[in-house]
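Side chains included, hydrogens not; waters and symmetry mates left out as well; all remaining heavy atoms used. Quick caveat, the model's predicted, so the values are computed rather than measured.
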Amino acid sequence: MSARQVTLAEVAKQAGVSLATASRVLNGSTRQVSEELSDRVLRTAEQLGYVPNASAQALARNSSSLVGLVVHDITDPYFSCIAAGVTRVAEEAGLVVVLGTTGRRPEREVELVSTLRAHRARAIVLAGSRTTDRTAQARLAAEIDAFTEQGGRVACVSQAKLGTDTVVPGNRAGGRALARALTELGHKRFAVLAGPSELFVARDRLAGFKAGLADAGAAPPLVINGAFTRDGGYEAALELLASKSRATCVFAVTDVMAMGAMAALRERGVRVPEDMSIAGFDDIPTLRDTVPALSTVRLPLEEMGEIAAGLVLDPGGDEARTVRVAGEVVLRASTAHN
């Protein structure tokens, strides 16, 4: 049988102070208590083995030691790398990270921010693309406003569309640079496995890639939309093969989609890169085990998480800050000269 928990009232009685005074001392209220009373309460609490109530502390301080991290899909290495960066910075500051996943459902993102607000989290990092759903974005913006009015802070790793501090990946510029690099290998006919059309990250990477092809005088690519997952890439690649396209190079807008596409090509006897070249975007760590090694656009994912956490834990000024992070084209064995 577990031992009974000592109550705050018992600490107050033993220390000879009011319940309000004991609460101010042990729950970290901003209201001051004399040093003599504070020492007496702390000493009594230690003697009795009192464990403070985290919810009560949050109410007294109007915030907690919690940092919320909201991502679309923690199984996607893109998000797990960002999460590692956020967690490292938060833990170094003595804070605890609470993770929530949206499953790419905008309404779930709003629910998670609301829940973190109710728990008086100190800060929230939202990692993941914004969408073209203006109603959902308006609901999220309203929930963020309510959280910040309560004293919380929010930073995003996405597009700067919510009026918060934001780490903005170079999606459009990265797509453009990749297209130029691939045309320099001699490719003239391209296909893009473009992800969901409602996600700005997919739109930006596709738009950048199209611009890069135009720069090089190449024809517009065949575009196939699909889920932002390994299976989405797999199915999109099968659709590409069924279309009888003459594309010699495929750009999947995420590495995860590219890995699924490579599996589909391999199953259908299409050799990479001998028969078809393929490139991705992000440079997730699991690419180290991919054969052939995948060409991609490298983003410093953990560093992006660290920057976002640094922004959200640094009060800064009233103006929202934007930190832009450039991508770097990395050509590997999955793309060959045509």
Side-chain angles (χ1 to χ4, degrees), residues 69 71-89 91 97 99 101 127-129 157 167 169-171 173-175 177-182 184-185 187 191-195 201-202 205 208-209 226-237 249-309 325-337:
L69 172 59
V71 303
H72 290 333
D73 179 5
I74 197 59
T75 65
D76 186 329
Y78 176 89
F79 293 111
S80 56
C81 287
I82 291 172
V86 171
T87 302
R88 184 179 302 113
V89 171
E91 289 183 348
V97 175
L99 176 69
T101 58
S129 177
V157 181
V167 179
N171 291 317
L178 179 63
R180 289 172 175 169
L182 295 175
E184 287 172 3
L185 292 178
H187 293 281
V192 179
L193 312 185
V201 62
R205 292 178 180 183
F209 194 80
F228 240 28
T229 61
R230 180 266 179 202
D231 290 347
Y234 181 93
E235 295 298 333
C249 187
V250 176
F251 168 46
V253 296
T254 73
D255 289 340
V256 172
M257 290 186 72
M259 293 170 73
M262 288 173 73
L265 296 177
R266 186 167 54 246
E267 287 181 11
R268 295 303 171 94
V270 178
R271 298 171 301 164
V272 175
E274 292 86 355
D275 301 325
M276 186 176 289
S277 290
I278 186 165
F281 202 118
D282 292 327
D283 200 28
I284 57 176
T286 44
L287 293 188
R288 297 168 191 161
D289 301 320
T290 303
V291 180
L294 182 67
S295 295
T296 188
V297 178
R298 175 184 293 150
L299 289 175
L301 299 174
E302 285 197 30
E303 182 183 339
M304 286 158 51
E306 292 172 352
I307 294 170
V325 179
E328 175 191 0
V329 174
V330 181
L331 295 183
R332 299 190 178 111
S334 69
T335 51
H337 285 274

### Query
In Å and rounded to the nearest 0.5 Å, what is the CG to OH distance from D283 to Y78?
13.0 Å
### Task
Locate the shortest heavy-atom distance separating A83 from I74; write the atom from each residue and the value.
CB-CD1, 4.2 Å
### Query
Taking atom CE of M257 and atom OG1 of T229, what is their separation to the nearest 0.5 Å?
7.0 Å
### Summary
Between L294 and R332, the two heavy atoms sitting closest are O-NH1, 2.9 Å
### Query
Which one of R298, E303, M304 satisfies the side-chain contact (heavy atoms from CB on, under 4.5 Å) criterion with L301?
M304
### Query
Between CD of E235 and CG of L193, what distance do you get to the nearest 0.5 Å?
11.5 Å
### Side-chain heavy atoms of M262 within contact of P292, under 4.5 Å
yes
### Task
State, with a plain yes or no, whether a side-chain heavy atom of V201 is found less than 4.5 Å away from one of F228.
yes
### Task
To the nearest 0.5 angstrom, please state how far the CG atom of L69 sits from the CD1 atom of I82.
8.5 Å
#### Entry: Minimal non-hydrogen separation, V192 against F209, with atom names
CG2-CD2, 3.7 Å
## Note on the structure
OG1 (T87) and CG (L99) are apart, to the nearest 0.5 Å, by 8.0 Å
### Query
Does any non-hydrogen side-chain atom of L331 lie less than 4.5 Å from one of L182?
yes
### Query
Just by modelled atom types, is the I284 backbone N or O under 3.5 Å from a matching donor or acceptor in the D282 side chain?
no
#### Entry: Atom of T290, atom of M259 and distance for their closest heavy-atom approach
OG1-CE, 3.7 Å
### Query
Hey, does the side chain of S277 reach the backbone of A336 with a donor-acceptor pair shorter than 3.5 angstrom?
yes
### Closest non-hydrogen atom pair between G85 and E306, with its separation
O-CG, 3.5 Å
### Task
Report the distance from atom NE2 of H337 to atom NE2 of H187, rounding to the nearest 0.5 Å.
8.5 Å
### Task
Please tell me if the side chains of V297 and F281 come closer than 4.5 Å, counting only heavy atoms from C-beta onward.
yes
### Task
Could you pull out the closest heavy-atom pair between I278 and S334, with the gap in Å?
O-OG, 2.6 Å
